[in-house]
Visitor: 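Next up is a structure, given as structure tokens.
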Amino acid sequence: MAIAAFAGNATAVDATPRRRSWVALFLLLPGLLYLVLFFIVPLVSLIITSLESQGLDGSFAYGFVVSNYTDSVSTFATQIWRSFGFALIATVIALLFSYPLAYFIGVTARRWPLLQSFMLILVIAPFFISFLLRTLAWKTILSDNGPVVTALQGLSLMGPQGHITGEPIAVVFGLTYNFIPFMCLPLYTTLERLDLRYLEASSDLYASGWATFRKVTIPLSLPGIVSGTLLTFIPAAGDYVNASQDFLGGTSSTMIGNVIQSNFLVQQNYPAAAALSIVLMFVILVIVSVYVRRSGTEDLL
Amino acid sequence: MTPQNTFADSGADLELAGISKRFPGFTAIEHLDLTIPAGSFFALLGPSGCGKTTTLRLVAGLEEPTTGQILIGGRDLTNTKPFQRPVNTVFQSYALFPHMTVLDNVAFGLRRRKMADPVGKAHEALRLVELDHLAGRKPLQLSGGQQQRVALARAVVNRPALLLLDEPLGALDLKLRRQMQLELKTIQNEVGLTFVHVTHDQEEAMTMADTVAVMNRGRIEQMGAPEDLYELPKTTFVANFLGQSNLFTGEITASTPTSISIGVSGRAIVVPKDRAEIHTGVVTIGVRPEKLNLLTEEPEARTGVNVIGPGRVIDVSFSGVSTQYVVAVPAVGDIIVFAQNMDFGPVVTVGAEVWMSWSVDHGFGLADSPELVTAEAGV
Ligand SMILES: Nc1ncnc2c1ncn2[C@@H]1O[C@H](COP(=O)(O)OP(=O)(O)OP(=O)(O)O)[C@@H](O)[C@H]1O
Ligand SMILES: [Mg+2]
């Protein structure tokens, strides 16, 4: 191959790409198989399910019932809007919280590698415990006779009938908390590679700390911001654990994930659940592609 | 002081008072006192790692001095932030913002200061470095030399009272470098800005600068007008770093009210007292290779002329304008002679027996000796 690259004759030039494409195809094979098996097949089956019709006896048959979509979307519009609203708020809070943290670990703490590793471990440490357990723990902490509510009531910042669990605030909190590592790690990886000489050049060119942050630091860490927000927003929008009534949610904070879950597992209305899943996926796809296009980091996808 | 949104109407003088800079476990700058008058072109020369970049970083505010003060235009700016200083830098590593086009890079400083017409001015600066046609590209799509010129434009466009240039022309070919040198000189003269220019190119330093400082191991060994520095170096380091020198070390054997002489392999080498740093003990006397005359016969002893020899020519290298001869003199060492090619080709060949003479007034006496310098360095 190396020799062929130097040889100027046409046969060598022809042979190289063909051989390389076979190698590439071979290497791609596991990935392609995976994609077909675990993405294409379930997707097709989901689409088929979403269009099924329900017989009088309650059984489902193949069909082309588009009203499955319109009906379920109009029935659950509130939950759909709420899901994206919660996910958006959680993403923004997670970003605001994670950026300074990632900046500290990736830039400020560069001089102390030990501190850097220690803080990184702290960010990852929650993964050592199942997130179900951690969310349950929060449920206890935030429960009506838990320390937080008691303290707030003691300070008269909350009425005697007030709750945290079951309210939207608890769900958003849970989403934020659970997805912060997914925001923090991509931010950390870009900030860790940030070349400080650009910041120096910027401040040499009359940019104050804030202007440097806006004009240089943020654009240079944009890939991390984009992947962090995607890694947070996408799973948060479809999350069904935090908003579940067994965890932090209540009747007024149900998200689309919970609706899909109960349609699939409790009401066994498979077409509605499948239709909602596809709507969710489609909306996320549209949001993500617009977002990525707008932030100018198409190379990321 | 905040940077005004007008261009500097004149250069500012720079004063470093008792500056030192210590990194953990390493002293990069040792007690530096330096005054650069407004409007001058100051060149900083020195071997790699001697502290040139560190000095510029201290002036720009990117590094805090361990001790000492930095005054720009008479104002103490030691504790101000880089963006508050009327200073711009052409960085050794360029540091062009990779996410901005060339044009946005150049306009960056103007926009931060809310200057009128940043785009027009940026184009003008790019025309100056002949890169206006690449204004829309990203820095990574440029060659090294083009990036360097963008870095130059990005700093120059701000017309700062004090411009710091860290090897700003190192990546350019000779022709382009000459051209940029002229441009820089023009810009500097036009507004009377103060330039501090770090370079490895001695010729560049000599031709462009009003004042040249030779730096070594965090200290300025000597500074002055280029011709003074060349004709009358004061230390072994300067004598060898700036051009080449033939050095002779010996105990003083005779001393008159106006001159001293040392004995070198049985001959007296004389140097005027006003061209010698020390007048007692062991002294090193030097002379530049082009000041030597190559003689094929032993000359008559005359006052006012030093003679050394005989020696054997061991190398002749012809370089067009001149020829360099290396002559081995027993008990003295190798001596380098540059001779203009007045005739066709070299006048002597390898193996010839020669003497060398030079006018006493061309010699210089150094403050230190090569042996002592080597001993100091622990070699
Ligand atoms: N942050 C730092 N920590 C420790 N030592 C440093 C630091 N920055 C520079 N130095 C040291 O200080 C000395 C001077 O460095 P400087 O960059 O000023 O050299 P320079 O004269 O510009 O060299 P060159 O001509 O190679 O660019 C070097 O020995 C370098 O290793
Ligand atoms: Mg340097």
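Throughout, a chain's letter reflects where its sequence line sits, starting with A, and its residues are numbered from 1.
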Visitor: Might you point out which heavy atoms bring B/A95 and A/A201 nearest each other, and give the distance in Å?
Guide: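 So the two residues come closest at O-CB, 3.8 Å.
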Visitor: A quick test of your reading: do over 12 heavy atoms of other residues, nucleotides or ligands sit less than 6.0 Å from CG of B/L142?
Guide: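 Counting neighbours around CG of B/L142, more than 12 heavy atoms of other residues, nucleotides or ligands fall under 6.0 Å, so yes.
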Visitor: If you check every heavy atom in residues 120-131 of chain B against those of chain A, which residues fall under 4.5 Å?
Guide: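 No residue falls under the 4.5 Å cut-off.
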Visitor: Any side-chain to backbone donor/acceptor pair from A/D204 onto B/N88? Under 3.5 Å, distance only.
Guide: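 A pair under 3.5 Å: no.
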Visitor: Can you tell me how far apart CZ (B/F97) and CG (A/L199) are? Round to the nearest 0.5 Å.
Guide: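 The CG atom of A/L199 is 8.5 Å from CZ of B/F97, to the nearest 0.5 Å.
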Visitor: So does A/Y240 have more than 12 non-hydrogen atoms from other groups sitting under 6.0 Å from OH?
Guide: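 No, the 6.0 Å shell around OH holds no more than 12 heavy atoms from other groups.
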Visitor: Might you confirm whether atom CZ of A/F213 has over 12 heavy atoms from other residues, nucleotides or ligands at distances under 6.0 Å?
Guide: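 More than 12 heavy atoms, drawn from other residues, nucleotides or ligands, come within 6.0 Å of this atom.
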Visitor: Considering residues at least two apart in sequence or located in another chain, which fulfil the side-chain contact (heavy atoms from CB on, under 4.5 Å) criterion with A/D195?
Guide: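 Only A/R197, A/Y198 meet the side-chain contact (heavy atoms from CB on, under 4.5 Å) criterion with A/D195.
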Visitor: With chain A as the partner chain, list the residues of residues 47-66 of chain B whose heavy atoms fall under 4.5 Å from it, by residue number, and write 'none' if nothing qualifies.
Guide: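 The residues closer than 4.5 Å to chain A, in numerical order, are B/R57, B/A60, B/L62.
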Visitor: Quick check on B/L96 against chain A: is it the side chain, the backbone, both or neither that has a heavy atom closer than 4.5 Å?
Guide: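 The backbone, not the side chain.
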Visitor: How about B/P86 and A/Y206: do any of their side-chain heavy atoms sit closer than 4.5 Å?
Guide: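 Of all side-chain heavy-atom pairs linking A/Y206 with B/P86, none is under 4.5 Å.
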Visitor: Can you check whether A/K215's main-chain N or O pairs, donor with acceptor, with B/H99's side chain at less than 3.5 Å?
Guide: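 Yes: the side chain of B/H99 pairs with the backbone of A/K215.
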Visitor: Please round to the nearest 0.5 Å and tell me the distance separating atom OG of A/S202 and atom CZ of B/R112.
Guide: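 With rounding to 0.5 Å, OG (A/S202) is 7.5 Å from CZ (B/R112).
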Visitor: With a cut-off of 6.0 Å (strictly less than), are more than 12 heavy atoms of other residues, nucleotides or ligands near CZ of A/F127?
Guide: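 Enclosed.
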Visitor: Can you tell me which portion of A/A207 sits under 4.5 Å from chain B's heavy atoms? Options are side chain, backbone, both or neither.
Guide: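 Both the backbone and the side chain of A/A207 come within 4.5 Å of chain B.
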Visitor: Please output the residues of residues 111-120 of chain A in contact with chain B, using a heavy-atom cutoff of under 4.5 Å, in numerical order.
Guide: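 Checking residues 111-120 of chain A against chain B gives no residue, so none.
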Visitor: How about B/K81: does its NZ atom have over 12 heavy atoms from other parts shown lying under 6.0 Å from it?
Guide: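 Incorrect, the count does not exceed 12.
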Visitor: So which atom in B/F83 and which in A/G209 form the shortest heavy-atom distance, rounded to 0.1 Å?
Guide: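 Smallest interatomic distance, heavy atoms only, reads CE2-N, 4.1 Å.
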Visitor: Taking A/L205 as the fixed residue, which of B/R154, B/R113, B/R111 is the one that meets the side-chain contact (heavy atoms from CB on, under 4.5 Å) rule?
Guide: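 In the set B/R154, B/R113, B/R111, the residue that makes a side-chain contact (heavy atoms from CB on, under 4.5 Å) with A/L205 is B/R154.
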